[in-house]
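Here's the structure, in structure tokens; my notes come after.
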Amino acid sequence: MSEEKSLNFIEEIIEEDLKNGKYKSILTRFPPEPNGYLHIGHAKSICLNFGLGLKYGGKTNLRFDDTNPVTEETEYVDSIKEDIKWLGFNWAEELYTSDYFDKLYNYAVDLINKGLAYVDDSTAEEIAAMKGTPTEPGKDNQYRSRTIEENLTLFTDMKAGKYKDGEKVLRAKIDMQHTNMLMRDPIIYRIKHAHHHRSGSTWCIYPMYDFAHGQSDSIENITHSICTLEFIPHRELYDWLIEKLEIFPSHQYEFARLSMTYTVMSKRKLLQLVNDNHVTGWDDPRMPTLSAFRRKGYTPESIRTFCDKIGVAKRENFIDLSLLEFCLREDLNPKALRVMAVLDPVKLIIDNYEEDKVEEMESENGPDEALGKRSLPFSKELWIEREDFMEEPAKKWFRLAPGSMVRLKSAYIVKCESFIKDAEGNVTEIHCNYIPESRSNNDTSGISVKGTIHWVSAAHAVNAEVRLYDRLFTVENPLGEEGDFKDTINPNSLQIITNAVVEPSLKQATAASRYQFIRKGYFCLDKDSTAEKLVFNRTVTLKDAWAKGSEEKLKDKFMMLSALADSFFIRQFYVWKDRS
RNA sequence: UGGGUUAUGGUGUAAAGGUAGCACAACAGAUUUUGAUUCUGUUUGUCUAGGUUCGAAUCCUAGUAACCCAACCA
């Protein structure tokens, strides 16, 4: 009995098209411009387009929309392909709009011959001035009435390189008074004497997006051309060109792009973060790019699940980062290898443990028994997490404190007997006694303790650098703030710990593995890691009910109580005042 | 002062005139050798005002709000 998932509006359109025989099968496309790295917002589009192809037995092309040679580079082509493959999708064909430059040129000539396009000698400023505004209609200019022959000659000359950049453009002849600004004789070809990453110097005129995208869809017989909401006004032009050119009628459908809390999604802004060195590069794990998520340890599965859960609709949306993290943890929890690592080490000494004794403790590698077990060296001196000891324990404190007992994970129960502080008041040593009968899997002590903490044997510990990442911005919507979005950058988005200690088994850590540092979070090896120096990235923290309870909750409770108290006293004051 | 698009809990997303559901978040509890996981429960919603109807998130009318459109970018 499987619950049928409801269809999104695009799936409904496709099912209808398939049912009534409009198409026998569907063909979608993912059309990135190779001028930047793909981000999580693109993942939504990729999952949508490729997902549709898969779901309805159709296909999906990868088409690079490379009509602007000055911003596009092969570096980006390569990274885009890598990211799509990493996400787990395969394109039917790898195509480039630049493959169609000849066809596109002929379409333009066709339009001129039909009297539907003209060469305009105006400057960019003049064109803008004559275009009007959203509330005022535009005006025709003198070039609009050129003859077909004249236009043909001029356009041929444009192609031949007789003119400089910006000297002339080719425009579609539609309607300067149109309520849709895009229909006011849009520019369809411009002159750019620039090197193109694929066609080299073959061309010095390049089609605009509007004169390339729809036609490319049509050339490929794309049935459903899916793009984001801001292209809605373009659809009218898209349809007009297909109609006038009398070519295969692809159709455009628009969905709302992804916005997410605590990040920005525009390529321009991401580029700024890179150029201004707020991050170390496009794959800095704090970035929302796919290469950054990959480096940080995210799995493609988790991103696909996320894209599935956020849905596809036409209304603007603002997704909680916590949903992405939920999908990640859900994927990682069953498969991450459990290991012990101490990020902020403090020495724990077991006074009643034999000096040079080393015991091998068995510990599970994960919740799934198939992951097996490993053995961990245990000895008299251990490293434990500084935050797992409290000199004056808080209420409901389960961990170490003077006189209290905890279980050392997969080892013994210990009782804190004393501790030593340095001149600055920092705890330097915690002294305990262990309960010999309490050894894990063989506990006959009869003692039960609330808290279990992780540890690493000091003599066997391996040093590591650990990079803790937090959200890049301090506010949910950096663009919603007054001033520059960069003002809300989180100064603590990266914390580098150079003196972490990890269990010896991690010397064999692999880049492909995902680890859970018990009680700390999910981690993976960073590409900077070497045999001499291990470097781990925190992929995501574990949920932490204790931290939440002790900080925000207490603060909230305090605020609420003080507000209640305030209103109580104010009320009492008026009662008192009224009486007197 | 134009045109287009969208309005359902805090955030997303369903319900195609007939029980407002699901997920995340939040909160409470149970279990736990990870204060994780798991399990159970709770809170919170149809933009507004009218109308049609036995019955409206859904249909009608009038408003309101948000977003997009004035690059030789895509």
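Labels below follow one simple rule: chain letters A, B, ... track the order of the sequence lines, proteins then strands, and each chain is numbered from 1.
At whole-Å resolution of the value, NZ in A/K131 and P in B/A71 are 7 Å apart. Atoms CD (A/E126) and C1' (B/C72) sit 13 Å apart, rounded to a whole Å. A/L321 has its CG atom 12 Å from the P atom of B/A26, to the nearest Å. Distance CG (A/D165) to C1' (B/C72): 9 Å, rounded to an integer number of Å. In this structure, A/L400 atom CG and B/U34 atom C1' are separated by 15 Å, rounded to whole Å. Rounded to an integer number of Å, the gap from A/E236 CD to B/G2 C1' is 14 Å. Rounded to whole Å, the distance from CZ on A/R407 to C1' on B/A36 is 18 Å. One can place CE of A/M176 at 11 Å from C1' of B/A70, the figure rounded to the nearest angstrom.
The local environment of CZ in A/R257 is sparse, with at most 12 non-hydrogen atoms from other residues, nucleotides or ligands closer than 6.0 Å.
When each of A/G366 and A/V169 is assigned the nucleotide of RNA chain B with its nearest heavy atom, A/G366 is the one assigned upstream, toward the 5' end. Taking the nucleotide of RNA chain B with the nearest heavy atom to each of A/K168 and A/E136, the more 5' of the two is matched to A/E136.
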* Under 4.0 Å protein heavy-atom contacts per nucleotide of nucleotides 11-22 of chain B, with B for base, S for backbone only and - for none -> SSBS-B------
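Side-chain atoms of A/E167 do not come within 3.5 Å of backbone N or O of A/Y163 as any donor-acceptor pair. Remark: the backbone N or O of A/F64 is paired with a side-chain donor or acceptor of A/T97 at under 3.5 angstrom. Distance alone, capped at 3.5 Å, is enough to place a donor-acceptor pair between the A/N141 side chain and the A/R144 backbone. Judged by distance alone, with hydrogens and angles left aside, the side-chain atoms of A/S216 form a donor-acceptor pair with the main-chain N or O of A/A212 at under 3.5 Å. Judged by distance alone, with hydrogens and angles left aside, the side-chain atoms of A/Y206 form a donor-acceptor pair with the main-chain N or O of A/A194 at under 3.5 Å.
In the set B/C69, B/C73, B/A36, the nucleotide with an atom closest to the side chain of A/E33 is B/C73. Comparing B/C72, B/C73, B/A26 by their nearest atom to the side chain of A/K548 picks out B/A26. Ranking B/U34, B/C69, B/C72 by closeness to the A/M181 side chain, first place goes to B/C69. Residue A/F326 has its side chain nearest to B/C24 when only B/C24, B/U34, B/A74 are considered.
Side-chain nitrogen and oxygen atoms of A/K543 include at least one within less than 4.0 Å of the OP1 or OP2 phosphate oxygen of B/A25.
B/U31 and B/A36 are spaced 13 Å apart, taking the P atom of each and rounding to whole Å. With C1' as the reference atom, B/U46 and B/U58 are 10 Å apart, rounded to whole Å. For B/A7 and B/C72, the P atoms lie 32 Å apart once the distance is rounded to whole Å. Taking atom C1' in both B/G45 and B/A23, one finds a spacing of 15 Å when rounded to whole Å. B/U44 and B/A62: their P atoms are spaced 35 Å apart (whole Å). When the P atom is compared between B/C47 and B/U11, the two are found 13 Å apart, to the nearest whole Å. The same atom, C1', is picked in B/G29 and in B/A65; the two are 41 Å apart, to the nearest Å. Only the P atoms considered, B/U42 is 11 Å distant from B/C22, to the nearest whole Å.
Residue contacts shown for A/R338 include a base, since a base heavy atom lies under 4.0 Å away. Using a 4.0 Å heavy-atom criterion, one finds that A/S122 contacts the bases of the nucleic acid, with or without backbone contacts as well. Base contact: A/P134 has a heavy atom under 4.0 Å from a base atom. Residue contacts shown for A/T123 include a base, since a base heavy atom lies under 4.0 Å away. Counting non-hydrogen atoms under 4.0 angstrom, A/S440 reaches a base of the nucleic acid. Using a 4.0 Å heavy-atom distance criterion, A/I232 is classed as a sugar-phosphate-only contact.
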* Evaluate the criterion ring-ring contact (aromatic ring centres under 6.0 Å, His included) for residue pair A/H234 and A/Y238; output intermediate values, then yes/no. => CA-CA 6 Å; A/H234 293 253; A/Y238 182 106; 9.8 Å; no
* For salt bridge (charged side-chain N to carboxylate O under 4.0 Å, His left out), just list the numbers for A/D308 and A/K44, CA-CA rounded to whole Å, side-chain angles, deciding distance to a tenth of an Å, and then say yes or no. => CA-CA 8 Å; A/D308 190 50; A/K44 178 178 181 182; over 6 Å; no
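In this structure, A/Q177 CD and A/D175 CG are separated by 5.5 Å, a value rounded to the nearest 0.5 Å.
Where pairing requires Watson-Crick or G-U contacts shorter than 3.5 Å, the helical stems of RNA chain B with at least three consecutive pairs are B:2-7 with B:64-69, B:10-13 with B:21-24, B:26-30 with B:38-42, B:47-51 with B:59-63.
At a threshold of 4.0 Å, the pair A/R519-A/E385 does not count as salt-bridged, since none of the basic side-chain nitrogens sits closer than that to a carboxylate oxygen. A salt bridge links A/K314 with A/E254: the distance from a Lys NZ or Arg NE/NH1/NH2 to an Asp or Glu carboxylate oxygen falls below 4.0 Å.
A search for salt bridge (charged side-chain N to carboxylate O under 4.0 Å, His left out) contacts involving A/E126 returns nothing, not counting sequence neighbours. Applying the side chain to side chain donor-acceptor pair (under 3.5 Å) rule to A/R399 yields the partners A/D388; only residues at least two apart in sequence or on another chain are considered. Contacts of A/Y105 classified as ring-ring contact (aromatic ring centres under 6.0 Å, His included), with partners at least two apart in sequence or in another chain: A/F155, A/W203.
Contact annotation: side chain of A/T452 to base of B/U34, donor-acceptor pair absent below 3.5 Å. Under 3.5 Å, the side chain of A/R399 and the base of B/G35 form at least one donor-acceptor pair of N or O atoms. Between the base of B/U5 and the side chain of A/E254 there is no donor-acceptor pair shorter than 3.5 Å. Side-chain N/O atoms of A/H234 and base N/O atoms of B/A74 include a donor-acceptor pair closer than 3.5 Å.
Looking at residues 185-195 of chain A, you'll see A/I187, A/R190, A/K192 sit with a heavy atom under 4.0 Å from some atom of RNA chain B.
Cation-pi check for A/R171 over A/Y118 is not met; the charged atom does not lie both under 6.0 angstrom from the ring centroid and within 45 degrees of its normal.
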